[in-house]
Amino acid sequence: MKDIVIIGAGPAGFTAGIYAVRSGMDALLLERRATGGQVLDTDWIENYPGFPGGINGAELMGRFEKHARDLGVSIESDEVHEIRREQDSFVLRTRKGEIKTKTVILATGTGPRPLGVEGEDRLRGKGVSYCAVCDGFFFRDQEVAVVGGGDAAVEEAHFLTRFCSKIYLIHRRDQLRAVGSLQRRALDNPKIEPLWDTVVTEIRGENSVEELILKNTKTGAPGNLKVGGVFIYVGLVANSYLYKGLVELDERGFVKTDVEMGTSVPGLFAAGDVRKTPLRQVVTAVADGAVAAITAEKYITGS
Ligand code: NAP
C-alpha cells in the first residue's frame with residue numbers, strides 16, 4: 001500500500017511529491033497527459049520568485065520534474081477513473097489497474113472554459129484554440145482574435161504579437177480584469193486592438209474559422225470580424241468531475257478545503273488550482289502542494 005498518491009503532475013503535484021518523499025513517505029505521482037499541467041501552455045512566467053526576468057513555462061516544469069525525480073518521487077503516466085474509500089484507505093481504479101493508498105492528494109488543476117457559442121465545437125482545432133503557445137505559430141502573419149479580459153487573455157494576446165499581424169482583444173466590458181502590468185504591456189502594443197463592450201455570439205467558417213459574429217453589450221448593435229483564428233480565454237473549469245459525490249465541491253466545481261488542504265473526506269487532500277482558492281498562480285499551487293503533503297504525512301503518522 002502507498003502512503004500518498006498524488007493525482008496531477010503540475011506545480012502543486014510536483015511540490016506535494018517533493019515534500020512527501022522528504023518526509024519519508026512512499027509517494028506516487030500520477031499524470032494522465034504530459035507532466036507539467038497548464039503551465040506548459042504558458043510561454044513566459046514573470047512572477048515566480050527566483051527567476052528575475054521570467055522563465056518559460058515548460059522549462060520551469062522540466063525543472064520541477066527533475067527536482068522531484070532526483071529526490072525519489074515516482075512519477076507514472078496513468079489516468080485515475082475512480083476513487084473508492086475502503087475503511088481507512090483508498091482504492092484508485094486506473095487505466096493500468098488498481099492502486100491502494102492511505103491518502104490521496106487531488107492536484108488535477110483546471111482546464112479552459114469554453115465560450116459556449118455556435119461554431120466553437122465544430123471549428124475547435126480549425127482556428128478555434130485555447131492555447132496560444134501551442135497554436136500561435138500556425139497563425140503567422142494572420143489577423144486573429146483573443147476573447148477575454150483576464151490575465152490569460154491579455155498575456156496570450158501579447159504572446160501572439162510574435163506571430164500574428166494583428167490581434168483583436170475582445171472583452172465584454174470596457175475595463176480589463178488583468179493585472180495592471182500585463183494590461184499596460186498589451187495595450188501599448190500597436191498590434192493589439194481592444195474591442196470593448198463586445199461579445200462573440202457565433203464563430204463562422206466552412207472548414208476553418210473565417211468570421212466572428214459580434215454584439216455590443218451596451219447598445220446591442222451587431223457586428224462582424226474577419227479573422228483566421230480565435231483564442232478563447234474566458235476563465236477556467238475545475239478538473240473535478242471524478243470527485244463529484246465523493247468530496248464537497250463549491251457551486252463552480254472547485255474542491256472545498258480547509259487551510260491544511262483537508263477536504264470533506266478524511267485522508268483526501270486537494271492542492272493547487274482545482275481547489276477553491278482566491279488566487280491561482282504557480283506560487284500558490286506550490287504552497288498548497290507543500291501544505292497538503294505535510295498534512296497527509298501527519299494524518300498517516302498520527303502526529
Ligand atoms: P479569469 O481571471 O477568470 O478571467 C476570465 C475573463 O473572461 C474575464 O475577463 C471575464 O470577463 C471573461 N469572460 C468570462 N466569461 C465570458 C463570456 N462568456 N464571454 C466573454 N467573456 C467572458 O480567467 P483567466 O484569465 O483564465 O485566469 C484564471 C486564473 O489564472 C486567474 O487566477 C489568473 O490570475 C491566473 N493566471 C495568471 C497568469 C499570470 O499571472 N501571468 C496568467 C494566466 C492566468 P469579466 O472581466 O467581465 O468577468
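Atoms within each ligand, like the ligands themselves, are counted from 1 in listed order.
Between the side chain of D288 and the backbone N or O of A271, no donor-acceptor pair lies under 3.5 Å.
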Pair up each side-chain donor or acceptor in residues 133-159 with any protein partner under 3.5 Å, not counting sequence neighbours, and list the distances.
residue	atom	partner	partner atom	Å
D135	OD2	S129	OG	2.6
E143	OE1	Y168	OH	3.3
D151	OD1	V179	N	3.0

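Residue pairs meeting the salt bridge (charged side-chain N to carboxylate O under 4.0 Å, His left out) criterion with at least one member in residues 161-172, sequence neighbours excluded: D43-R162, K166-E193.
Here the closest non-hydrogen pair linking A293 and I4 is O-CD1, 4.2 Å.
Using a 4.0 Å cut-off between charged nitrogen and carboxylate oxygen, K96 and D78 do not count as a salt-bridge pair.
Protein residues lining ligand 1, listed by chain and number: N47, R113, L115, G148, G149, G150, D151, A152, E155, H171, R172, R173, R177, Y233, V234, G235, L236, R280, Q281 [non-hydrogen atoms, distance under 4.0 Å].
Partners of K2 according to the side chain to side chain contact (heavy atoms under 4.5 Å, CB included) rule, which considers only residues two or more places apart in sequence or in another chain, are V5, D26, L28, I99, T101.
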